[in-house]
**Student:** 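To start, I am sharing the structure in question, which I have written as structure tokens.
The structure displayed is predicted, hence computed values, not measured ones.
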Amino acid sequence: MDIRKQRLDEKTLGTFSEERDEYERDYARVIQSPAFRRLQGKSQVFGAGTGDYYRTRLTHSLEVSQIAREVARRLGKQYDFLARKEHPGLILDPAVVEIASIAHDLGHPPFGHKGEEVLNQVLTEEYSMPYEGNAQNFRILMFLEKRAGSGSGLDLTAAVLLAVNKYPFGLDEPGRLKGVYSSEWGDIEQIRRLWKMPVGCSTLEAQLMDLCDDIAYSTHDIEDGIRAGKIQMNRAFFEDSRLIHHLVQEIVEDKGNSGVGWGEVDIPAMVKQVLMSYFEQWEALYASYDREASRTRREMKARWVSIFAGKVGIIDDTTRSWKKVTFVNNGQQDIELLRTMEILKKLAWVTLIKDFRVQRLQMRSEIMIRRLWDSFKVPEYGRLIIPPDWIENYEQHKNKWSWPRFVADYISGMTDAYAEKVYAELYASKSGSIYEMD
């Protein structure tokens, strides 16, 4: 059998009709899962339910999948070595990349990055256990989501599991901030050994998904910011020394950014250049579209997606004897475009996440998650107020499911609105009918 299409739970093989490909089954399992549906109620930048226009985790994931699938299809025609399928990790199947993209954010808790930060703090401080969104993806895909007859969650193919695994490490390794929890890492590591994956390297499909996630973030979130008025499309805003200072500070302090060689450039000068280039492009389009802001906004987003997606390519990663998916210009990594994307990502972060109103919402979110945690963390009391089906599931698996991890799984699966509802039932004076369905 094709090792890319193998599943961890062999008992479920042969129980389906032969009408669908294995990846088609994976796609159906993900989009029909409750975890995927709940993405519609989880924040991307603005709180879910803020308005009809703004993106949620669901729409973001769909947009990433669209970009990734099209880029994978183009690269398959562009690079001859892909057709030779020399190694299971050096293949770019558009279907696999699409599935990984729609599944890449399943592990994010309510209230965006603030929810992830708070859950990690309480688990680490009280139990020396981490919480991390990418690791939680695998909790969901391989354990929490249930499929009849499977003991491995959704029991996805090996190719899809490794395509989601952009941080191919065990999270319990010293110094690791991102990776996979030990409860799921054993199975992922087993697949990697079978594939003979180089240590620390991710598949081309995982690399492409990750890059397309950045493309979407650096273009779509800015579009939302412009629409919300947080990014003001005037020269004074883009020339503001405070904005430039904040962007430079975010770049310097981001330790995950070292791969694009910031030490080789004048960071403030490049930030100013990118911001002014972006604004001047806006001015030209705005004039050509009869000063219609909504059309200009959409066209700016589309053009930058096209610029980034069109430059995605594959080069040799000589330091790892592997291949690397990145921006490519004349056969070499396009460092300048990578830096440009990072600046636009920081623009979205500084103007949206750092906005004082968003910070107020995040403070409110932190209070809610901490109080939910305090309500559930003691088993004797938590059992009384957590839904019975969750408790039954815990009882069946408690030999490999600690109570703190169980509570974190329960809270992280909530949508923003459901977290607020449960919080209101526990702490507000009025919370609606007790007969509402959970």
Side-chain angles (χ1 to χ4, degrees), residues 33-43 48-49 57 105-112 114-133 135-148 150-154 181-184 364-438:
S33 67
F36 181 72
R37 291 197 298 276
R38 283 195 293 267
L39 291 178
Q40 66 185 313
K42 293 192 177 186
S43 300
R57 288 282 174 186
D105 264 355
L106 294 180
H108 279 284
F111 311 124
K114 174 56 69 173
E116 182 177 11
E117 177 186 317
V118 174
L119 282 174
N120 183 56
Q121 286 175 353
V122 295
L123 273 172
T124 302
E125 291 167 2
E126 299 181 26
Y127 299 98
S128 299
M129 297 169 61
Y131 178 90
E132 200 270 317
Q136 194 68 19
N137 270 356
F138 287 92
R139 290 287 293 161
I140 291 168
L141 296 174
M142 300 174 67
F143 177 66
L144 292 173
E145 283 293 340
K146 300 300 179 187
R147 206 184 138 270
S150 171
S152 305
L154 294 179
Y181 299 136
S182 58
S183 52
E184 288 76 42
R364 178 171 174 266
S365 304
E366 178 172 357
I367 291 169
M368 284 193 285
I369 289 181
R370 284 188 179 275
R371 296 192 75 177
L372 288 173
W373 172 264
D374 288 339
S375 300
F376 302 139
K377 69 179 182 180
V378 178
E380 291 77 11
Y381 299 107
R383 288 174 180 275
L384 302 175
I385 53 177
I386 291 176
D389 58 329
W390 273 84
I391 298 298
E392 291 170 9
N393 197 17
Y394 170 74
E395 290 295 336
Q396 292 176 16
H397 300 94
K398 63 183 180 181
N399 61 320
K400 58 178 180 180
W401 201 1
S402 70
W403 184 263
R405 182 62 68 192
F406 168 75
V407 172
D409 287 341
Y410 177 55
I411 294 175
S412 71
M414 295 178 175
T415 62
D416 296 11
Y418 183 68
E420 292 181 0
K421 172 183 177 294
V422 176
Y423 176 84
E425 289 177 351
L426 293 170
Y427 294 105
S429 59
K430 185 177 180 180
S431 60
S433 169
I434 64 169
Y435 298 104
E436 292 177 2
M437 294 293 291
D438 277 342

**Student:** Less than 4.5 Å apart, side chain to side chain, heavy atoms only: is that true for R370 and V122?
**Tutor:**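 Counting from C-beta outward, R370 and V122 do come under 4.5 Å.
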**Student:** Between the main-chain N or O of F111 and the side-chain N or O of D416, is there a donor-acceptor pair closer than 3.5 Å?
**Tutor:**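 Yes.
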**Student:** Between N137 (side chain only) and L106 (backbone N and O only), is there a donor and an acceptor less than 3.5 Å apart?
**Tutor:**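 Yes, because the side chain of N137 sits within donor-acceptor range (under 3.5 Å) of the backbone of L106.
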**Student:** Quick one: does NZ or CZ of R38 land under 6.0 Å from the six-membered ring centre of Y418, within 45 degrees of the ring axis?
**Tutor:**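 No, cation not above the ring by the 6.0 Å, 45° rule.
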**Student:** Taking side chain as C-beta onward, heavy atoms only, is E126 less than 4.5 Å from P404?
**Tutor:**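 SC-SC contact between E126 and P404 ruled out.
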**Student:** Would you confirm whether Q396, through its side chain, and N393, through its main-chain N or O, come within 3.5 Å as a donor-acceptor pair?
**Tutor:**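 The answer is no, because no donor-acceptor pair under 3.5 Å joins these two groups.
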**Student:** Taking the side chain as everything from C-beta on, heavy atoms only, tell me whether F406 gets closer than 4.5 Å to W390.
**Tutor:**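 Counting from C-beta outward, F406 and W390 do come under 4.5 Å.
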**Student:** With a 4.5 Å cut-off on side-chain heavy atoms, are P110 and M368 touching?
**Tutor:**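 SC-SC contact between M368 and P110 ruled out.
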**Student:** Between K398 and E395, which heavy-atom pair has the shortest distance, and what is it?
**Tutor:**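 Minimum heavy-atom contact is NZ-OE1, 2.9 Å.
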**Student:** Students often mix this up, so state it plainly: with edges at 30° and 60°, are the rings of Y427 and Y423 parallel, tilted or perpendicular?
**Tutor:**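 Taking Y423 first and then Y427, their aromatic rings sit tilted (interplane angle of 30° to 60°).
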**Student:** Check for a donor-acceptor pair, side chain of E184 on one end and backbone N or O of F138 on the other, with a separation under 3.5 Å.
**Tutor:**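 No, the answer is negative, given that no donor and acceptor are paired below the 3.5 Å cut-off.
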**Student:** If every non-hydrogen atom of L426 is compared with every non-hydrogen atom of S375, which pair is closest and at what distance?
**Tutor:**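 Shortest heavy-atom contact: CD1-OG, 3.8 Å.
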**Student:** Could you tell me whether the side chain of Y131 reaches within less than 4.5 Å of the side chain of S412, counting heavy atoms only?
**Tutor:**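 Heavy-atom side-chain distance check passes, below 4.5 Å.
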**Student:** Under 6.0 Å between the ring centres of Y394 and W403?
**Tutor:**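 Close enough - the centres of the two rings lie under 6.0 Å apart.
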**Student:** Please confirm whether the backbone N or O of A35 pairs with a side-chain atom of E145, one donor and one acceptor, at under 3.5 Å?
**Tutor:**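 Side chain of E145 to backbone of A35: a pair is present.
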**Student:** Should Q136 and E116 be marked as a side chain to side chain contact (heavy atoms under 4.5 Å, CB included) after you check the CA-CA gap, both sets of side-chain angles, and the distance that decides it?
**Tutor:** CA-CA 10 Å; Q136 194 68 19; E116 182 177 11; over 6 Å; no
**Student:** Can you find a pair of side-chain heavy atoms, one from S183 and one from W401, that are under 4.5 Å apart?
**Tutor:**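 No, side chains not in contact.
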**Student:** How about D105 and K42: do any of their side-chain heavy atoms sit closer than 4.5 Å?
**Tutor:**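 With C-beta onward as the side chain, the pair stays apart.
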**Student:** Heavy-atom distance under 4.5 Å between the side chains of L123 and R405, does that happen here?
**Tutor:**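 Sidechains of R405 and L123: in contact.
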